[in-house]
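Shown next, in C-alpha cells, is the structure this report addresses.
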Amino acid sequence: MTEYDAHAIEQKWQSVWAEERTFSVPNPTPGQADESHFYMLEMLPYPSGSLHMGHVLNYTLGDVVTHYRRRQGTTVLRPMGFDSFGLPAENAAIKDGGHPLEITERNMKAIRTQMHRMGWAIDWEREVSAHEPTFYRWTQWIFLKFLERGLAYRKEAPVNWCPNDLTVLSNEHVVDGRCWRCGAVVETRSMEQWFFKIRDYADVLLDDLATIDWPERTKKIQTQHIGRSEGAEIVFQIDDLDLDVPVFTTRPDTLFGATFFVIAPESSLVQQLAEGNDEVLTYARISAARPTEERAAREKSGVFTGRYATNPVNGAKLPIWVADYVLMEYGTGAIMAVPAHDDRDREFAETFDLPIVTVIDDDGRLINSAPFDGQRWQDAKRAITDWLGEQGKAEPSVNYRLRDWSFSRQRYWGCPIPVVYCEQDGMVPVPLDQLPVLLPEVDDYRPKGKPPLASNLDFIRTTCPTCGGPAEREADTMDTFVDSSWYFLRYTDPRNDAAPFDRAIADYWMPIDQYIGGIDHAKGHLLYSRFFVKVMNDLGLLGFREPFQRLFHQGWVKLDGKRMSKSQGGVSPNELIDRFGADAIRIYICFQGPADQDMDWTPDGIEATVRFVRRLWRVVHEAAAQPASPAGVDTPLVRKAHETIARVTDDIGRRFVFNTPISAVMELVNELSKAPGDPAARFAAETAVSVLQPYTPHVAEELWQALGHDERVMDEPWPRADQAMLHHETVQLVLQVNGKVRDRVEVPAGLSEAELIEHARASEKVRAHLAGVEGRVVVVPDKLVNIVV
RNA sequence: GCGGAUGUGGCGGAAUUGGUAGACGCGCACGGUUCAGGUCCGUGUGCCCGUAAGGGCGUGGAGGUUCAAGUCCUCUCAUCCGCACCA
C-alpha cells in the first residue's frame, strides 16, 4: 500500500476526465427515444475575482447531485458559464486598473482552473459567457422580440441613480436605499430610461408560484415583492376645476371617515391645483427631489393647497394637501385620507390638526356611515364599492408594488441595446440580420455620468435602417440581469448560430430539474428569469412556463460574521487545495452542517477530514487484501453496509441533505476498521467507496481500482440496500416507568404485546420502580414498553 | 411595524412519523506506538450529587396537551434575514 497522495491522485483523474470528456453530454438526435435526463444547474459566477468558499459549497452540492443522478442511470446536463458583463465585472476591472475585457477574461481563466482543480463534473463544451458576441447577439435578438411585442419601452421616469457607479439601478438592486454593488446612497433622478413591462406579468408570476417546488421563504419574498393588493378605484371631484381624480384604496368601507385628501408632490395635478401658489409649488419641487431614503424618514410634512375635493359618498368637502408621504408610483398618486383607521393618515392629521372621524366600532361594524351603519366592515367594502359603482364613481381595482424593470445602464461594459435614433423615423430597431451590434473596444470606458459609448462617435454615428439617412445608436447598455435571465436556455444549444436555441432541444432539457444558488437573488434574477421564460413562451419560442422546477439555496459561508465575497487570505480555495486536496475540502464543506444554513468558516476540523480520507485509504487497502466477500454472508458488518446504503440514498435522494451521509460512511469505516478479517470486509469497503464517490470522486476511483475493479466507480450503478439486511433479528426494547427510561433489554423482533409486557415486568430495574403496583401499560411494538403507575 | 428563519454539550452538528436526546466530527483528558515534533492506535467525555451502585437535572424561557414532547399548541425572549409611508 502506498501513501495517500491527494495531489497525484487528483491530477491524474482530472486529466483523465478532461481527455475523455467524461462529463460532456450530447443533445438528443431527432427521433431519439426519450431517455431519463436531468438538468442540474447552479447559478453562474461573476468573473469579478476568483472563487471563494461560498462558491465551493454551491458547486460541490451541485456536483454531489450530479454524480448521484448519473449513477441512478440518468443523463445529467451540468453546464457552466460566466456572468461576464455588467457592474460586478466592470467594477472589478476599474479597481484592478485594467480593461474590462482583459480583467474579465483573466478572472474567467483563474476560475476555470479552480473549478478544474476541485474536480467538478462540468460539461465544458457548453460554456457560454455573456460578453461574447456569439452570446450577446442573441440577448439583443431576444430584446428585439420583446420590443416588437411592446414589452420593452423607453420612458422618462424617476429612477434610482447611483452617484458612485454613475448609473441607473433597478428597484431590485437598491438595498436599504443603497447601491447593491458599492453601497452608495441612491438618488432619485428623472431620466429617460428603458423598461421591461414585468408588471404585465405580475399575476402569472404570482399564480405560477404554486406550480414550482421552491422554498416557501423564497416564494414569500417574491409574493411580497409583487405585492398584489385588491381594492377599488374611487373618483373624487375637485371643486372649481371640474376635474375628476381617482384614488386607489383597499378600504372603501372607510370612505365616510375620509377627512382630507392628499396628492404626491410629483403629481401633474400639483401644477393645476396650485397655480400661482408659490408655497405649494416650492414644497412640491423640494420634496420631489429629496432622496428616497430621506423621504422615508417618518416625519410628516405637507402643505394645504387651498382647494377641496368632494367625497362621493356624502358630498363632504375635503381639504386637498400635497405631502410627500404619498408616492407617485403606487396607485394613482393621490389618496383619500382616513386618519381614524390608517396610521400614516392619523400621524399627518395630528401633525396638522385635521379632523379624525371614526367609522368602524370595536365590534368591526360601521358607524357614522349611514346608510351602511351596522354592517360588518368586510361586507361594507363590497357594498360601498357596488353602490358607488352604480353611480359610475367606483370600480374594483388591483394594484401591485412591483415596478417595471429598468434595465438600461449608463455604463460601458454591457450588452449594447440594438436600436438607433433617426431624425426622420424616430427610434428604429436594428434589423435581426444586422446583429450583433458589437460593443466597440474603447480606451476610456470609465463611468462619467453619461454613457461612455455616447462619446465614441465611430460607434454612435450610423445610418437609419429604414431611410438610410444619418442616425445615432443607443449609447446605454443592458443590465447584467438581462444576460442571466436566459443563459440557462443557451446552454441547451450553445453553438446555434441561427437562433438563441432550438426550441425542441430547449424543451427537451428544460425546465431545470434542480437549481442551486443564493437566496440573495430571490427577487432579482429568480424573478426576471421567470418573467423572461413566460414572455418567450408567449412568443412561441419555448414550450414551458417556468425555468426552475426545483430550487435550493445554500447557506452563506461567513468569515467573522460577514458573508464571503472574495477570496481572503488563508481561506482561498487554491491554498486549501494545495494543503489538503480537493476531496478533503469537498467533504469538509458538506460535513460542516446543513447545506441550507449559514456556516461560520473555521479551518478547525479540516485536518480531520484529511485524516478521515487517509483512514479510508488505509482501511480500504487492508480490506482489499482480504478475499472477496461471499454472497449471502451475514455479519453485523454486512448489515451496517446495507444500512449505510439506505441512509445515504435517502439523505441525498429524498431529503436533499448532504452532511449526514458523511457521518454514515464514517460509522461504516469505523466498524470496518474494528472488524479485521470479517468475511464482509471487502463488501463493506466497496460500499464505503461507492456511496462516498459523489463527495470524493478522485480518491474513490483510486480505491475502486485498489479493490480490483477495472471500471470506474462513477459509472457503477448506485448500490441498492438489501431490505432483508435492514431487518433486525433482535431489537433493543426500552422499558419506561412513568415515561422515564429505567432499563433496556435486547429481545427478538416481532414479539406480541403480551410478551413485551412480560419482558418489562421481568426487569429488576423496572420492578424496583413499580413497588409492586400493577399500573397501566403502553406498548410500542419492537420499541418500547411504558408502565404508568 | 409586517413577513420569515434560527435557538440542542466547551464547539460544528444528529435525532426523518410524538417513542432511548447528544449520532458523526472537533476539542479536551488519560494510556499506548513512533519519537525531534506531528502522524497513528486505544479508552473516556451533557451537567450535578455519589468512591461506587445509583439518583437527580437537561434541547433559549414560561405554561399547556399527552402514558410519552427537541418534535404538537399558547405566550415570551434573543439573534439573523427580507420588506417597509405601497393607501
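Just so it is clear: chains get the letters A, B, ... in the order the sequence lines come, proteins before strands, and each one is counted from 1. Since this is a predicted model, take the numbers as computed values, not measurements.
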Open item on the list: Protein within reach of the bases, or only the backbone? For nucleotides 33-58 of chain B, mark each nucleotide 5' to 3' as B, S or -, using heavy atoms under 4.0 Å.
Closed with: -------SS------------SSSS-
Task: Separation of B/rA87 P from A/Lys300 NZ (nearest whole Å) - done: 14 Å
TODO: Assert yes or no for the condition that the ring centre distance of A/Phe348 to A/Phe260 is strictly below 6.0 Å.
DONE: yes
Open item on the list: For B/rA68, give the paired nucleotide (Watson-Crick: N1-N3 plus N6-O4 or O6-N4; G-U: N1-O2 and O6-N3; both under 3.5 Å), or none.
Closed with: none
Task: Spacing between A/Phe658 atom CZ and B/rG25 atom P, to the nearest angstrom - done: 21 Å
Open item on the list: Work out how far the P atom of B/rC77 is from that of B/rA84, and round it to whole angstrom.
Closed with: 25 Å
TODO: Any strand is fair game: report the nucleotide pairing with B/rC40 by Watson-Crick or G-U wobble, both distances under 3.5 Å, or none.
DONE: B/rG32
Open item on the list: Does any part of the side chain of A/Glu233, heavy atoms only, come nearer than 4.5 Å to the side chain of A/Thr332, both counted from C-beta?
Closed with: yes
TODO: Can you tell me the pairing partner of B/rA52 across any strand shown, Watson-Crick or G-U wobble, with both distances under 3.5 angstrom?
DONE: none
Open item on the list: If the condition is side chain to side chain donor-acceptor pair (under 3.5 Å), which residues does A/Gln592 pass it with, not counting sequence neighbours?
Closed with: A/Tyr588
Open item on the list: Please evaluate residues A/Phe591 and A/Phe612 with respect to the criterion ring pair (Phe, Tyr, Trp, His ring centres under 6.0 Å), reporting the C-alpha separation (whole Å), side-chain torsions for both, the decisive distance (0.1 Å), and the verdict.
Closed with: CA-CA 12 Å; A/Phe591 185 57; A/Phe612 169 66; 8.2 Å; no
What nitrogen or oxygen pairs link the protein and nucleotides 81-83 of chain B at under 3.5 Å?
{"from": "B/rG82", "atom 1": "N2", "to": "A/Gln224", "atom 2": "OE1", "distance (Å)": "3.1"}
{"from": "B/rC83", "atom 1": "OP1", "to": "A/Lys523", "atom 2": "NZ", "distance (Å)": "3.0"}
{"from": "B/rC83", "atom 1": "O4'", "to": "A/Gln224", "atom 2": "NE2", "distance (Å)": "3.1"}
{"from": "B/rC83", "atom 1": "O2'", "to": "A/Arg401", "atom 2": "NH1", "distance (Å)": "3.3"}

Open item on the list: Give me the distance, rounded to whole Å, that separates B/rG18 from B/rC11 when you measure between the P atoms they each carry.
Closed with: 29 Å
Open item on the list: Counting only Watson-Crick pairs (N1-N3 plus N6-O4 or O6-N4) and G-U wobbles (N1-O2, O6-N3), all under 3.5 Å, who is the partner of B/rC57?
Closed with: B/rG46
- [ ] State plainly whether the residues A/Glu671 and A/Lys674 are in salt-bridge range, i.e. N to O under 4.0 Å.
- [x] no
- [ ] Find out whether A/Asp342 and A/Met336 are in side-chain contact, i.e. whether some heavy atom of one side chain is under 4.5 Å from a heavy atom of the other.
- [x] no
Task: For atom CH2 of A/Trp556 and atom C1' of B/rU79, their distance in whole Å - done: 18 Å
Open item on the list: Could you tell me how far B/rU6 sits from B/rG56 if I compare only their C1' atoms? Round to whole Å.
Closed with: 31 Å
Might you list the N or O atoms of the protein lying below 3.5 Å from N or O atoms in nucleotides 29-32 of chain B, with each pair's distance?
none

TODO: Measure from the side-chain N and O atoms of A/Lys219 to the backbone N and O of A/Ile212, and report whether any donor-acceptor pair falls under 3.5 Å.
DONE: yes
TODO: For nucleotides 10-22 of chain B, just jot down a letter per nucleotide in 5' to 3' order: B, S or -, based on protein non-hydrogen atoms under 4.0 Å.
DONE: --BSSSB--BBS-
- [ ] Could you tell me which non-hydrogen atom of A/Glu230 sits nearest to which non-hydrogen atom of A/Phe248, and how far apart they are?
- [x] C-CZ, 4.2 Å
Open item on the list: Taking any heavy-atom pair under 4.0 Å as a contact, classify A/Ser229: base, sugar-phosphate, or nothing.
Closed with: sugar-phosphate
TODO: Take the protein atom CH2 of A/Trp214 and the nucleotide atom P of B/rG4, then report the distance between them rounded to whole Å.
DONE: 19 Å
TODO: Identify, with sequence neighbours excluded, every residue that meets side chain to side chain donor-acceptor pair (under 3.5 Å) alongside A/Thr730.
DONE: A/Glu746
Task: Whole-Å P distance, B/rC30 and B/rA68 - done: 44 Å
- [ ] Using atom CD of A/Glu347 as one end and atom P of B/rG1 as the other, report the distance to the nearest whole Å.
- [x] 14 Å
- [ ] If B/rC2 has a Watson-Crick or G-U wobble mate with both distances under 3.5 Å, name it; if not, just say none.
- [x] B/rG82
- [ ] Not counting sequence neighbours, which residues clear salt bridge (charged side-chain N to carboxylate O under 4.0 Å, His left out) with A/Arg639? List them please.
- [x] A/Asp634
- [ ] Taking only heavy atoms on the protein side, list every residue of residues 245-256 of chain A lying under 4.0 Å from any atom of RNA chain B, sorted numerically.
- [x] A/Phe248, A/Thr249, A/Thr250
TODO: Name the nucleic acid region contacted by A/Val326, choosing base, sugar-phosphate or nothing; use a 4.0 angstrom heavy-atom cut-off, strictly under.
DONE: base
Task: Lys/Arg-Asp/Glu bridge criterion (N-O < 4.0 Å) met for A/Asp650, A/Arg654 - done: yes
Task: Those residues that, when tested against A/Glu729, pass salt bridge (charged side-chain N to carboxylate O under 4.0 Å, His left out) (two or more places apart) - done: none
- [ ] Report the distance from atom CD1 of A/Ile787 to atom CZ of A/Arg742, rounding to the nearest 0.5 Å.
- [x] 12.0 Å
- [ ] Could you give the distance separating B/rG63 and B/rG50 at their C1' atoms, to the nearest angstrom?
- [x] 34 Å
- [ ] Would you mind reading off the distance between A/Leu668 atom CG and B/rA23 atom P, rounded to a whole angstrom?
- [x] 18 Å
Task: Base orientation of B/rG63, syn vs anti, 90° cut from 0 - done: anti
TODO: Starting from the C-alpha separation in whole Å, work towards a yes-or-no answer on ring pair (Phe, Tyr, Trp, His ring centres under 6.0 Å) for A/Phe481 and A/Trp405.
DONE: CA-CA 10 Å; A/Phe481 284 84; A/Trp405 171 14; 7.6 Å; no
Task: Pairwise P distance for B/rG22 and B/rG58, with rounding to whole Å - done: 16 Å
Task: Candidate nucleotides B/rA23, B/rC85, B/rG4, ranked by approach to the side chain of A/Asp324 - the nearest - done: B/rC85
Task: Those residues that, when tested against A/Arg614, pass side chain to side chain donor-acceptor pair (under 3.5 Å) (two or more places apart) - done: none
TODO: Please determine, for B/rA21, whether a Watson-Crick or G-U wobble partner exists with both distances under 3.5 Å, and give it or none.
DONE: none
Task: Identity of whatever pairs with B/rC26 - Watson-Crick or G-U, under 3.5 angstrom - done: B/rG10
Open item on the list: Is the positively charged end of A/Lys300 above the ring of A/Tyr325, judged by distance under 6.0 angstrom from the centroid and angle within 45° of the axis?
Closed with: yes
Task: Interatomic distance where CD1 belongs to A/Ile606 and P belongs to B/rG27 [whole Å] - done: 13 Å
- [ ] Nearest whole angstrom, please: distance from the C1' of B/rC67 to the CG of A/Leu770.
- [x] 14 Å
Task: Donor on one side chain, acceptor on other, A/Tyr695 and A/Thr609, under 3.5 Å - done: no
- [ ] Could you tell me which nucleotide pairs with B/rG63 by Watson-Crick or G-U wobble geometry, both distances under 3.5 Å, or answer none if nothing does?
- [x] B/rC73
TODO: Can you tell me, in whole Å, how much space there is between the C1' of B/rU74 and that of B/rA21?
DONE: 24 Å
Task: Same-atom distance (P) from B/rA53 to B/rG44, integer angstrom - done: 14 Å
Task: Under the side chain to side chain donor-acceptor pair (under 3.5 Å) test, residues paired with A/Asp600 that sit two or more places apart - done: none
Task: By salt bridge (charged side-chain N to carboxylate O under 4.0 Å, His left out) - contacts of A/Asp520 (at least two apart) - done: none
